[in-house]
Amino acid sequence: MTSFKQARDLLLFSFYNKQITAEQLLALLEENISQNPEFDYLQYERFDLATIPEPECRSNFRFDKDDIPLLADALGLPDRFQCYQRTTARKLEGLCILLRRLAFPCRYADMIAMFGRPVAELSMITNEVIDFIYEHHAHRITEWNERLLSPENLQIYADKIHTKGAALTNCFGFVDGTVRPLCRPINLAPAYEGKRHDAGMLADSNLLNCLEQHAYSPDGEPMCIYGDPAYPLRVHLQAPFRDVLMTPAMQEFNRSMSTVRVTVEWAFGEVTRSFRCLDFKSNLKLGLSCVGKMYLVSAVIQNALSCFYGNQTSKFFDLDTPSIVEYFA
């Protein structure tokens with residue numbers, strides 16, 4: 001693909017060789033001027049993770065320097081990413097470009113000094129890495145994980161939740177939705193429009209079918225998740241009592257479950273705290289950004305953060321998070 005600079009150089013060459021007139025030159029130069037501001041990226045060195053100080057790594061990329069190569073290997077990233085117009089980026093550079101983009105609601109122009117690349121290349125590389133992680137790892141968020149959600153583990157999770165005061169003895173997790181404001185909402189796949197009801201999203205997710213197939217204790221007893229009153233009651237899906245006049249026992253049940261259900265909000269909060277780009281509405285423009293993919297990819301990377309450093313939920317329930325290798329196995 002010819003750049004604007006190459007096109008202008010070719011026009012000047014043609015003019016000096018008297019192949020076009022001055023009037024034609026001016027008209028063609030007018031047509032070959034980029035509408036985007038130009039940044040002098042050539043004055044900056046290309047990115048090298050080894051030169052980044054340790055404190056800056058955690059701030060800019062959310063991971064310690066030594067853990068970034070481990071994350072890249074766990075994700076199975078290719079040695080090089082190649083964009084459609086043949087721009088290439090090394091594995092660690094591509095991953096760090098994505099992490100830096102997600103960590104703050106910054107413009108690509110703000111990243112030029114760190115990576116020594118023009119805005120267009122930073123944008124294309126970011127999308128390439130997002131596409132790779134989404135295609136290879138989105139299922140870790142959207143599908144049942146046989147190993148982490150084995151009958152033995154479900155029983156462990158249920159016991160920990162019950163120990164924290166939950167009335168249910170067979171509840172191993174919680175279900176909820178979160179709302180993220182966007183600019184220009186048109187097509188949200190794989191997310192949903194904010195007007196969609198929780199029960200409708202539940203039906204689309206196929207979660208109930210997964211629960212009916214897999215959510216059982218080692219003894220074969222049904223295990224369940226717990227949601228708010230918007231969700232329907234099922235064997236594998238429980239919700240608070242909704243009666244207008246509730247007995248003290250009903251009220252105590254709702255109170256005990258509400259105390260532990262709040263942890264599902266912590267998980268949503270950790271994603272947006274780690275990746276502030278998702279919490280900046282003006283940056284999330286459908287048609288310009290793959291917003292649905294960005295959130296799922298951010299959730300996958302947040303789980304990787306939990307594997308390395310733990311999280312609020314695991315500490316509350318006194319549970320160990322899986323290692324990075326176990327999670328991405």
Side-chain angles (χ1 to χ4, degrees), residues 47 49 52 54-79 81 89-106 108 111 114-115 122-143 145 147-148 178 180 182 189-191 263-280 283-284 289-315 320-329:
F47 177 79
L49 181 61
I52 306 297
E54 181 66 50
E56 290 186 22
C57 279
R58 195 67 178 266
S59 174
N60 288 320
F61 310 128
R62 300 299 187 242
F63 290 86
D64 292 338
K65 183 188 290 190
D66 291 343
D67 292 333
I68 292 175
L70 298 178
L71 174 63
D73 291 341
L75 290 168
L77 300 183
D79 291 335
F81 290 97
R90 290 165 293 138
K91 172 170 60 178
L92 293 183
E93 181 189 19
L95 177 59
C96 287
I97 287 173
L98 172 62
L99 293 175
R100 181 65 180 83
R101 171 63 171 165
L102 293 176
F104 297 99
C106 61
Y108 284 113
M111 299 165 56
M114 177 175 288
F115 295 99
L122 292 170
S123 176
M124 288 185 289
I125 293 167
T126 297
N127 288 334
E128 285 293 325
V129 182
I130 285 177
D131 287 344
F132 181 92
I133 296 176
Y134 180 81
E135 290 169 8
H136 292 81
H137 300 288
H139 67 276
R140 303 184 191 282
I141 302 294
T142 61
E143 298 178 12
N145 188 312
R147 188 179 51 78
L148 295 180
T178 186
R180 298 258 50 85
L182 306 176
T263 57
V264 73
E265 302 292 347
W266 299 349
F268 293 136
E270 285 176 337
V271 176
T272 52
R273 281 195 299 273
S274 295
F275 305 112
R276 293 292 185 180
C277 181
L278 300 174
D279 211 23
F280 190 62
N283 260 15
L284 303 178
S289 303
C290 40
V291 178
K293 284 185 180 180
M294 283 175 62
Y295 191 89
L296 270 179
V297 167
S298 297
V300 170
I301 299 174
Q302 177 59 43
N303 284 350
L305 275 169
S306 296
C307 292
F308 280 117
Y309 315 118
N311 58 44
Q312 187 178 2
T313 303
S314 66
K315 293 173 184 175
D320 293 329
T321 57
S323 70
I324 192 72
V325 174
E326 289 172 336
Y327 181 69
F328 287 101

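Please read these numbers as outputs of a predicted model, since none were measured by experiment. What's counted below: heavy atoms across the whole structure, side chains too, no hydrogens, waters or symmetry copies.
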task: Kindly say whether Leu99 contributes a backbone atom to a donor-acceptor pair with the side chain of Arg62 at under 3.5 angstrom?
output: no

task: Tell me, please, which residues at least two apart from Ala72 pass side chain to side chain contact (heavy atoms under 4.5 Å, CB included).
output: Leu77, Lys91, Leu92, Leu95

query: Going by heavy atoms in the side chains, are Val129 and Val297 under 4.5 Å from each other?
result: no

- request: Would you please name every residue forming a side-chain hydrogen bond (donor to acceptor under 3.5 Å, both in side chains) with Glu128, sequence neighbours left out?
  value: none

Shortest non-hydrogen contact between Ser274 and Gln302, atoms and distance: OG-OE1, 2.7 Å

- request: Take Leu305 and Phe275 through the test side-chain contact (heavy atoms from CB on, under 4.5 Å) and record every step on the way to the result.
  value: CA-CA 11 Å; Leu305 275 169; Phe275 305 112; 4.0 Å; yes

field: Atom pair OG/CZ of Ser298 and Arg101 - distance to nearest 0.5 Å
entry: 11.0 Å

- line: When rounded to the nearest 0.5 Å, the distance separating OH of Tyr108 from CD1 of Ile125 is 10.0 Å

task: Measure across Tyr134 and Leu296 and return the closest heavy-atom pair with its distance rounded to 0.1 Å.
output: CE1-CD1, 3.5 Å

- prompt: Can you name the nearest heavy-atom pair linking Ile130 to Lys293, along with the distance?
  reply: CG2-CB, 3.9 Å

- prompt: From Leu98 CG over to Asn127 CG, what is the distance, rounded to the nearest 0.5 angstrom?
  reply: 9.5 Å

Closest heavy-atom pair and its distance - Thr313, Glu270: N-OE2, 4.5 Å

- prompt: Any donor-acceptor pair under 3.5 Å linking the side chain of Arg100 with the backbone of Cys106?
  reply: no

- prompt: Rounded to the nearest 0.5 Å, what separation is found between the CE atom of Met294 and the CD1 atom of Ile133?
  reply: 12.0 Å

field: Nearest-0.5 Å distance, CD1 of residue Ile52 to OG of residue Ser59
entry: 11.5 Å

message: Does any part of the side chain of Phe104, heavy atoms only, come nearer than 4.5 Å to the side chain of Asn60, both counted from C-beta?
response: yes

statement: Residue set satisfying side-chain hydrogen bond (donor to acceptor under 3.5 Å, both in side chains) with Arg273, at least two apart, ordered chain then number -> none

field: Whether Thr272 side chain and Gly269 backbone form a donor-acceptor pair below 3.5 Å
entry: yes

statement: Residues passing the side chain to side chain contact (heavy atoms under 4.5 Å, CB included) test with Ala304, sequence neighbours excluded, are Phe63, Leu71, Ile324, Phe328

query: Can you name the nearest heavy-atom pair linking Leu49 to Cys57, along with the distance?
result: CD1-SG, 3.9 Å

Listed partners of Ser314 passing side-chain hydrogen bond (donor to acceptor under 3.5 Å, both in side chains), at least two apart: Asn311

CA sep, side-chain torsions, deciding dist, call: Tyr309, Thr321, side-chain contact (heavy atoms from CB on, under 4.5 Å): CA-CA 9 Å; Tyr309 315 118; Thr321 57; over 6 Å; no

- prompt: Which residues pass the side-chain hydrogen bond (donor to acceptor under 3.5 Å, both in side chains) test with Asp64, sequence neighbours left out?
  reply: Arg58

message: Distance check, rounded to the nearest 0.5 Å: Asp67 atom CG versus Phe61 atom CZ?
response: 13.5 Å

